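Predicted model only: the values in this text are computed from it and were never measured. For the numbers below, each heavy atom of this structure counts, side chains included, while hydrogens, waters and symmetry mates do not. Each chain gets a letter, A, B and so on, in the order the sequences are listed, and its residues count up from 1.
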There are 2 protein chains.
Amino acid sequence: MNPTIKDVAKAAGVSITTVSRVLNQYSDVNPKTRAKVLKVVEQLGYKPNSVARSLVMNRTNTVGLVVSDLSRSRNGHHFMFEVLCGINDRVQELGYDLVLFSTSTTAQKKTPYMDFVRQRRVDGVLMMGIRLDDPYTHEVVAASVPSVLIDVPLTSQTCSYVSTDNIAGARMAIEHLLELGHSRIGFVNGHAQAAVSQERLQGYRMALEAGGIAYDPQLVYYGNFEQEDGAIGTAELRSRFDDLTAVFFASDLMALGALKYVQNLGLRVPENLSIVGFDDIELAALMQPMITTVRQKRYEMGRSAAESLIRILEQQEQGRGIILPPELVVRETTAPHS
Amino acid sequence: MNPTIKDVAKAAGVSITTVSRVLNQYSDVNPKTRAKVLKVVEQLGYKPNSVARSLVMNRTNTVGLVVSDLSRSRNGHHFMFEVLCGINDRVQELGYDLVLFSTSTTAQKKTPYMDFVRQRRVDGVLMMGIRLDDPYTHEVVAASVPSVLIDVPLTSQTCSYVSTDNIAGARMAIEHLLELGHSRIGFVNGHAQAAVSQERLQGYRMALEAGGIAYDPQLVYYGNFEQEDGAIGTAELRSRFDDLTAVFFASDLMALGALKYVQNLGLRVPENLSIVGFDDIELAALMQPMITTVRQKRYEMGRSAAESLIRILEQQEQGRGIILPPELVVRETTAPHS
DNA sequence: CCTATTTCCGAAAACGTTTTCGATAGATTC
DNA sequence: GAATCTATCGAAAACGTTTTCGGAAATAGG
């Protein structure tokens, strides 16, 4: 059906070797024959079969994006979608294809990572949404296949990661609250199996202590990044401390849940409670009041991840950590402590 | 590096033909040798090279998802992400891989559709976010490669589409408004190059006329599905009709933009203006007041699309239209006409 | 025991490329 | 004019599978 290199060779009166040479920009081919071949290629509408090429070159020009529980997490898309866009754009710019896989903790137990990638024949893999205790996490860095992790700070010779500077992000949030005069500041964190949770906790603590306030573990609640966790966490924290005037949330979704919750209680935000979120998802600016938050450059994260992966697999760089700066976006849910 | 079928054959003391046979469930192989081969496969950790298989079988077990302007449209993810999840899940369940492509109207002009798919060697393609006037639209249905379009009602022997019943959806919205006693009902539609816009307009008109109200083109405004279009459209419609009491929007984002806009004007929703959106994106239930809307089964759309595509390419069905029922979700932005 | 039928298995072609190695012819050098 | 060099090209192997075709061994039938 489709013309092959053989058809082109025959029509141009040369060998397939020569056709291959002109298509791959080799220099040792006579300009005249090059022109002739090119003309035939054009006429026949010849397109190289990428499968055949992959087989002989032993690379597919394809990278895999494996995301854990793509469709499970309701919160997922706010964060993931933009990262995905960044990845997709950069991958495409660099001439690769992107194939999407979703996996789950249970699926990971069944199929070892290497089985997975060897069968799929991807040149490299990007991972997102993975937990520290997921089986793949450590298999990935140990494997020889180039990879980059998103929000899991592990590197190896062939494994990069990209993440936001979560420590700085949390510090910015807390310092903002401190400047406003708050001193009893709660923290509704994500689950402990996310690396970002540990980092944000660290930033929370550092900022507090730098402000001369002792760190109190009772002030932090561990949620799961979802909306309801924000409400539950806030309720819990408020029951522990009746002088709570501000809460920092590890996700905008949780901040939003808390906002709705305290508003239902008849409290006013920010007058009675200051709230700071994390991520700067679109929702944050649509709430009433608009949520003060720490912005992550999600699209950039995707681009950087794709870029680094491809540089690794083209042997232009080694695995490294890429940390993007966050940005404090002050909106309407924070006010001076009265 | 990786063991090949040849290694397995040698280690098992059989020919590669036999190995291939046991791996592909052929019946004519002695149970003893089958067991022996299987054991060796296990020991060596042999995984078939899917590229080699693709080459000889002339199919890749891969489907492409091409989406127009993936990262351009800010509104995109609300709708697309869930469809993507549905597609991804179903594709994976059926044993295929999903490769993601984003394209744009300009990119489509450069590369004809068939060039695109022939080079990528996908077995079939799903298209989403494409416009009626995009070059690919008609190339797709004309092509012999199995495909399914999302929200573009065109079919062929090898091309299905899946869509929501937009006529019914719009009717439900308008009937709801009519029941509440509204009679001057505006419609902020999407752009005319979306098939869904035409259908929703038709539903709007049918419901109105069934209610004994003449259709007035002046009551419809064409936006672009984005938030600001909702505000602009509402302003325009209100300037044309000072007795406007309700507006129907072709997307929740536009409804949301309108909601914010009229609230800023000091109007109350739903007391002064009733609003109905479309899609039921997550945002709709988070607004204050919560937006009444027409729900689309996005995840189901994705699943159905994937399912139909694969059935077509496995020759179990022909191209057909798949229309999913919408659902009216009455919330807080609609009230009786006072 | 001889033939006919099954059952089981292997040799080899094929898929469409890239790449190695060498061949040829003309140009250059001395 | 022989030797060397350079530019240009082709034959063939290789990548790892699937599949066709046929052959040998085992079984069945008479």
Side-chain angles (χ1 to χ4, degrees), chain A residues 1-41 44-62 95 97 115 117-123, chain B residues 1-41 44-62 95 97 115 117-123:
Chain A
M1 195 81 222
N2 288 343
T4 73
I5 198 174
K6 220 176 287 183
D7 300 323
V8 175
K10 198 172 298 175
V14 297
S15 74
I16 62 171
T17 311
T18 301
V19 177
S20 178
R21 265 193 278 255
V22 345
L23 293 176
N24 294 294
Q25 336 275 19
Y26 280 73
S27 60
D28 60 341
V29 40
N30 191 305
K32 275 187 181 167
T33 55
R34 152 165 287 130
K36 186 171 49 180
V37 168
L38 252 19
K39 205 175 80 185
V40 174
V41 165
L44 299 185
Y46 167 75
K47 300 289 162 194
N49 182 325
S50 60
V51 174
R53 171 180 277 156
S54 292
L55 179 60
V56 55
M57 311 240 307
N58 201 29
R59 57 198 302 276
T60 55
N61 260 10
T62 294
D97 283 345
D115 286 8
V117 12
R118 270 174 36 203
Q119 209 151 5
R120 257 47 183 263
R121 300 283 149 177
V122 292
D123 294 338
Chain B
M1 194 81 221
N2 287 343
T4 73
I5 197 173
K6 219 176 285 181
D7 300 322
V8 175
K10 197 171 299 173
V14 298
S15 74
I16 61 172
T17 310
T18 301
V19 177
S20 179
R21 263 193 279 255
V22 345
L23 293 176
N24 294 294
Q25 337 275 19
Y26 279 73
S27 59
D28 59 343
V29 40
N30 190 304
K32 275 189 182 167
T33 55
R34 151 164 288 129
K36 186 171 51 179
V37 168
L38 251 20
K39 204 176 79 187
V40 173
V41 164
L44 298 185
Y46 166 75
K47 299 291 161 192
N49 182 325
S50 61
V51 174
R53 172 182 276 157
S54 293
L55 179 60
V56 55
M57 312 239 309
N58 200 28
R59 57 199 301 276
T60 55
N61 260 10
T62 295
D97 284 344
D115 286 8
V117 11
R118 269 175 37 203
Q119 209 150 6
R120 257 49 182 260
R121 300 283 149 178
V122 291
D123 293 338

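Nucleic acid contact for B:Asp28: base, since at least one base atom lies under 4.0 Å from a heavy atom of the residue. At the heavy-atom level, B:Thr33 lies under 4.0 Å from the strands shown only through sugar-phosphate atoms. If you check every strand for non-hydrogen atoms under 4.0 Å, A:Val14 touches sugar and phosphate atoms only.
Residues B:Arg53 and B:Asn49 fail the side-chain proximity criterion, which asks for heavy atoms closer than 4.5 Å. Side chains of A:Val51 and B:Val51 form a contact here, defined as non-hydrogen atoms less than 4.5 Å apart.
Residue B:Lys6 holds its NZ atom at 8.0 Å from NZ of B:Lys10, rounded to the nearest 0.5 Å.
A:Thr18 has a side-chain polar atom (N or O) that falls below the 4.0 Å cut-off from OP1 or OP2 of D:dG10.
Under the 3.5 Å distance criterion, the side-chain polar atoms of A:Ser20 are left unmatched by any main-chain donor or acceptor of A:Ile16.
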Revision key, fill the gap. Protein-proximity profile, nucleotides 15-23 of chain D, B/S/- by nucleotide at the 4.0 Å heavy-atom cutoff, equals BBBBBB---
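Nearest approach of B:Thr4 to B:Asp7, heavy atoms of both residues: N-OD2, 2.8 Å.
With A:Arg121 as reference, A:Thr60 is the one residue of A:Thr62, A:Thr60, A:Leu55 to meet the side chain to side chain contact (heavy atoms under 4.5 Å, CB included) rule.
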